[in-house]
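Shown next, in structure tokens, is the structure this report addresses.
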Amino acid sequence: MKIRPIIICTLLFIPLGIAFYKYEKYIPTFAGSHEALTSNEISHLIKTKPITSIEVFKNQRILLLKSDQEVIRRYPIRLGFNPEGHKNFENDGKTPEGVYSIDWRNPKSAFYKSLHISYPNTQDVAYAKQHNQPAGGNIMIHGSAPKSFLWIPFSSSYIPHKDWTLGCIAVRNVDIDEIWQLVPNHTKIIIYP
């Protein structure tokens, strides 16, 4: 009866393999990161070095908060599931490239908190119309752990090791807390390839 354990193991490993293949991109990254700012440090930065722009480097998976030309904070990011190139159409899985602004925020986002990026602009809409496609929208900077998982230990520092969004820029929840406080509405965001 040596065949029976082989069959049982096979029946267990096949569903596990399928689940790993489907959800592998959500496995957490344990890359080193900086210490979270205290509320006093955040208040001090807002007064002395207010954030004037956000720069996103898609290839490097980095988001920078800048006060004029000085880098104030650096955060690891994850992008849309198909990150190469500029977002052209709804559901293409791409994160936009270009100059936009933070035009509103959602404190009740499904992914903890979110800041809306002003995509699509008039050129984005015109390009999509020219191809008889919707441009898409609701591109955000948001957290990585959904609100329903906040009870899990370490959820505030969770970030998947692969790109997974529909075109948004995802950061750790602890990072969106800082970005939320440091970045005023109408802040310019430049997204590089």
inquiry  = Hydrophobic cluster membership, with links at side-chain heavy-atom distances under 4.5 Å among I/L/V/M/F/W/Y: are Phe57 and Ile117 in one?
reply    = no

note = Between Ala135 and Pro120 the two heavy atoms that sit nearest each other are CB-CB, 4.0 Å

message = What's the separation between atom CD in Gln69 and atom OG1 in Thr52, rounded to the nearest 0.5 Å?
response = 7.5 Å

Distance (rounded to the nearest 0.5 Å) between Tyr127 OH and Gln133 CD = 10.0 Å

task = Evaluate the side-chain proximity of Arg73 to Leu37: yes if any heavy-atom separation is below 4.5 Å, no if none is.
result = yes

remark   = d(Leu79 CG, Trp164 CH2) to nearest 0.5 Å is 11.0 Å

inquiry  = Looking at every non-hydrogen atom in both residues, tell me the closest pair between Arg172 and Ser144 and how far apart they are.
reply    = N-OG, 4.3 Å

message = Looking at Ser67 and Pro50, would you say the former's side chain and the latter's main chain have a donor-acceptor pair under 3.5 Å?
response = yes

More than 12 heavy atoms of other groups within 6.0 Å of Glu41 CD = yes

inquiry  = Tell me whether Val183 shares a hydrophobic cluster with Val174, the cluster being built from Ile, Leu, Val, Met, Phe, Trp, Tyr side chains joined at under 4.5 Å.
reply    = no

request  = Measure the shortest side-chain to side-chain distance between Ile54 and Leu65 over non-hydrogen atoms and say whether it is less than 4.5 angstrom.
outcome  = yes

task = Look at the side-chain heavy atoms of Ile, Leu, Val, Met, Phe, Trp and Tyr, link any pair under 4.5 Å apart, and say whether Ile42 and Leu63 land in one connected group.
result = yes

note = Smallest heavy-atom separation, Gly136 atom then Tyr119 atom, equals O-CE2, 3.8 Å

inquiry  = Does Lys147, at its NZ atom, have more than 12 non-hydrogen atoms belonging to other residues, nucleotides or ligands within less than 6.0 Å?
reply    = yes

query = Do the non-hydrogen side-chain atoms of Ile169 and Ile191 ever get within less than 4.5 Å of each other?
reply = yes

inquiry  = Under a 3.5 Å distance rule, please check whether Ser101 uses its side chain to pair with a backbone N or O of Lys188 as donor and acceptor.
reply    = no

task = Pick out which of Lys129, Lys87, His86 makes a side-chain hydrogen bond (donor to acceptor under 3.5 Å, both in side chains) with Asp124.
result = His86

remark   = Closest non-hydrogen contact found for Ile190 with Tyr192 is CG2-CZ, 3.4 Å

Heavy-atom donor-acceptor pair, Asn106 side chain to Ser114 backbone, under 3.5 Å = no

query = Distance from Gln181 atom CD to Ile176 atom CD1, nearest 0.5 Å?
reply = 10.5 Å

key: Pairwise side-chain contact, Ile62 with Tyr75, heavy-atom cut-off 4.5 Å (strictly under)   = no

ask   = Any idea which heavy atoms bring Phe81 and Leu166 closest together, and the distance?
value = CE2-CD2, 3.9 Å

inquiry  = Within the 4.5 Å heavy-atom criterion, are His131 and Asn88 side-chain neighbours or not?
reply    = no

message = Could you measure the distance from the CG atom of Asp177 to the CG atom of Leu182? Nearest 0.5 Å is fine.
response = 10.5 Å

ask   = What about Ile46 and Leu115, same hydrophobic cluster or not, with Ile/Leu/Val/Met/Phe/Trp/Tyr joined at side-chain heavy-atom distances under 4.5 Å?
value = yes

message = Nearest 0.5 angstrom please: Tyr112 OH to Ser155 OG, how far?
response = 8.5 Å

query = So do Asp175 and Pro76 actually touch side chain to side chain, heavy atoms under 4.5 Å?
reply = yes

Other residues, nucleotides, ligands: >12 heavy atoms within 6.0 Å of Lys66 NZ = yes

key: Closest approach of Pro184 to Ile102 (non-hydrogen atoms, all atoms of both residues)   = O-CB, 4.4 Å

message = Within the structure provided, determine whether Phe111 and Met140 are in side-chain contact (heavy-atom separation under 4.5 Å).
response = no

key: ILVMFWY network linking Tyr100 to Trp180, side-chain heavy atoms under 4.5 angstrom   = yes

